[in-house]
Structure formats: structure tokens, C-alpha cells
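Okay, so here's the structure we're looking at.
Residue numbers count from 1 along this sequence.
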Amino acid sequence: MMALLFILFSIGCSNDDEDRPSIVLGELRVEDPNFCAHSSGTGGRYDIIIPYSGTQNDVLKHILYEGTLDDGKTDSGALDQFEGFELEDGDGELNWGNICLGFADSAWLDFEIRIETTEGKISSASSIRLNRTDFDN
């Protein structure tokens with residue numbers, strides 16, 4: 001009976017580990033928010049700092065993103081401008097600089113990021129709320 005319980009416990013633990021991404025993103029932060037002209041109207045220009053950990057010989061393929069405005073409108077995609085960038089082993093930071101995000105008439109934008117490697121690994125998600133008041137006084 002004890003052996004059966006140990007086997008069931010071991011199986012349950014290993015399934016949890018398999019579902020957990022090996023690359024974990026830390027808390028996103030922004031630097032130098034400023035105004036920019038965006039096709040949707042008012043935009044904010046940001047340097048987004050993406051801390052990561054759990055990398056080992058990983059090469060970046062895409063930054064996966066999803067943006068949600070306060071009115072519920074969303075936009076998502078995969079950017080390949082960093083394709084081939086070698087991530088530091090263990091942990092590091094990626095600076096996604098000089099990005100212009102459109103706010104239209106919204107007061108805020110929730111921005112979520114994941115990274116995908118050339119091996120097909122997808123990181124955990126990290127998000128940040130960007131406020132129009134950060135740059136539009």
C-alpha cells in the first residue's frame with residue numbers, strides 16, 4: 001500500500017514539473033516613457049526591460065506579446081526582431097527598446113510578454129500595466 005501511494009505521489013509531482021516552463025520571466029519594467037505618434041492615435045514610446053531566468057544555451061526566436069486596452073480591445077503577435085539573439089545562461093535581461101505602443105483613447109494598456117526560443121521553449125508570461133499618464137501630462 002505504501003509503495004502504491006509513493007508511486008501515485010511521484011507521478012503527480014512529475015506532471016506538475018512538466019507543465020512548468022523552464023524559462024521564467026521576471027517582473028517587466030519600463031524606462032524613459034515618452035510620447036510617440038502611432039497609427040491608432042496617441043502612443044507611448046518605451047524601453048521595456050524583460051528579466052529572465054532558467055536559460056541554458058537558448059537562442060531567441062520570437063517575443064510573443066498581447067496588449068489589451070481599457071476598453072477590452074486586444075492585439076497580439078510574434079516579433080522576430082531579436083531572432084538569433086543568444087540568451088545568457090542562467091539569467092539575464094533583454095532590453096526591448098524604443099517601442100511605440102498605441103493607446104488610442106484609452107487610459108491604460110495591459111501588456112503581456114512571453115519569449116520563444118529556436119528550440120520551441122515558451123517562457124512563463126509576464127505583464128505590466130502602462131498608463132497614459134506615464135507620458136501624456
Side-chain angles (χ1 to χ4, degrees):
M1 181 69 167
M2 288 298 282
L4 179 60
L5 288 174
F6 178 73
I7 291 170
L8 289 175
F9 179 74
S10 297
I11 291 170
C13 289
S14 65
N15 287 340
D16 290 343
D17 290 342
E18 290 173 12
D19 294 338
R20 198 172 315 154
S22 62
I23 301 174
V24 177
L25 297 187
E27 185 175 334
L28 301 177
R29 63 184 193 278
V30 296
E31 294 179 351
D32 303 324
N34 207 341
F35 171 80
C36 66
H38 191 274
S39 60
S40 70
T42 299
R45 184 170 309 283
Y46 298 92
D47 287 347
I48 298 179
I49 310 301
I50 308 168
Y52 59 85
S53 63
T55 51
Q56 185 67 39
N57 298 320
D58 290 309
V59 177
L60 191 61
K61 182 175 182 181
H62 292 121
I63 293 179
L64 308 173
Y65 70 90
E66 180 172 293
T68 304
L69 295 170
D70 65 0
D71 63 3
K73 291 181 185 172
T74 63
D75 183 30
S76 61
L79 301 174
D80 59 6
Q81 73 189 62
F82 291 103
E83 186 172 359
F85 178 81
E86 294 182 15
L87 299 168
E88 294 178 38
D89 287 349
D91 60 354
E93 289 185 343
L94 179 62
N95 184 343
W96 184 8
N98 207 23
I99 178 174
C100 182
L101 300 171
F103 278 76
D105 294 324
S106 297
W108 52 261
L109 164 69
D110 282 340
F111 198 63
E112 180 181 275
I113 293 177
R114 289 183 172 83
I115 58 175
E116 180 182 4
T117 69
T118 55
E119 299 281 319
K121 294 181 199 174
I122 297 179
S123 72
S124 65
S126 187
S127 59
I128 190 169
R129 177 165 285 181
L130 303 172
N131 296 298
R132 184 185 196 110
T133 56
D134 292 341
F135 64 89
D136 188 19
N137 295 325

May I ask you to check whether over 12 heavy atoms, not counting those of E119, lie within 6.0 Å of atom CD? no
CG of D110: more than 12 outside heavy atoms within 6.0 angstrom? yes
Decide whether D89 and T55 meet the rule of one side-chain donor and one side-chain acceptor closer than 3.5 Å. no
Given side chains that start at C-beta, do those of [X] and [Y] come closer than 4.5 Å, heavy atoms only?
X	Y	value
V59	T117	no
Y46	L130	yes
D58	I115	no
R45	P33	no

Going hydrophobic residue to hydrophobic residue with side-chain gaps under 4.5 angstrom, can you get from [X] over to [Y]?
X	Y	value
I48	F82	yes
W108	V30	no
I128	I63	yes
I49	L109	no
L94	L64	no

Intermediate values then yes/no, side chain to side chain contact (heavy atoms under 4.5 Å, CB included), R132 and S106: CA-CA 7 Å; R132 184 185 196 110; S106 297; 5.6 Å; no
Return the [atom1] to [atom2] distance between [X] and [Y], rounded to the nearest 0.5 Å.
X	Y	atom1	atom2	result
E86	T118	CD	OG1	9.5 Å
E66	S127	CD	OG	10.0 Å
L87	I23	CG	CD1	6.5 Å
C36	I99	SG	CD1	9.0 Å
F35	C100	CZ	SG	8.0 Å

Please walk me through it: do E116 and E83 pass side chain to side chain contact (heavy atoms under 4.5 Å, CB included)? CA-CA 10 Å; E116 180 182 4; E83 186 172 359; over 6 Å; no
For T74 and T68, indicate whether the former's side chain and the latter's backbone hold a donor-acceptor pair under 3.5 Å. no
Can a donor-acceptor pair be found, under 3.5 Å and without considering hydrogens, that links the side chain of D47 to the backbone of N98? yes
Does R129 pair with E112 as a salt bridge, N-O distance under 4.0 Å? no
Decide, yes or no, whether a salt bridge links K61 with D80 under the criterion of side-chain N to carboxylate O below 4.0 Å. no
Fit a plane to each ring of Y65 and W96, take the angle between them on a 0 to 90° scale, and name the class: parallel (under 30°), tilted (30 to 60°) or perpendicular (over 60°). tilted
Least distance between heavy atoms, [X] atom then [Y] atom:
X	Y	result
S123	P21	C-CB, 3.9 Å
R114	L25	CA-CD1, 3.9 Å
F103	N131	CE2-C, 3.9 Å

Would I113 and L28 count as a side chain to side chain contact (heavy atoms under 4.5 Å, CB included) here? Give the steps. CA-CA 9 Å; I113 293 177; L28 301 177; 4.0 Å; yes
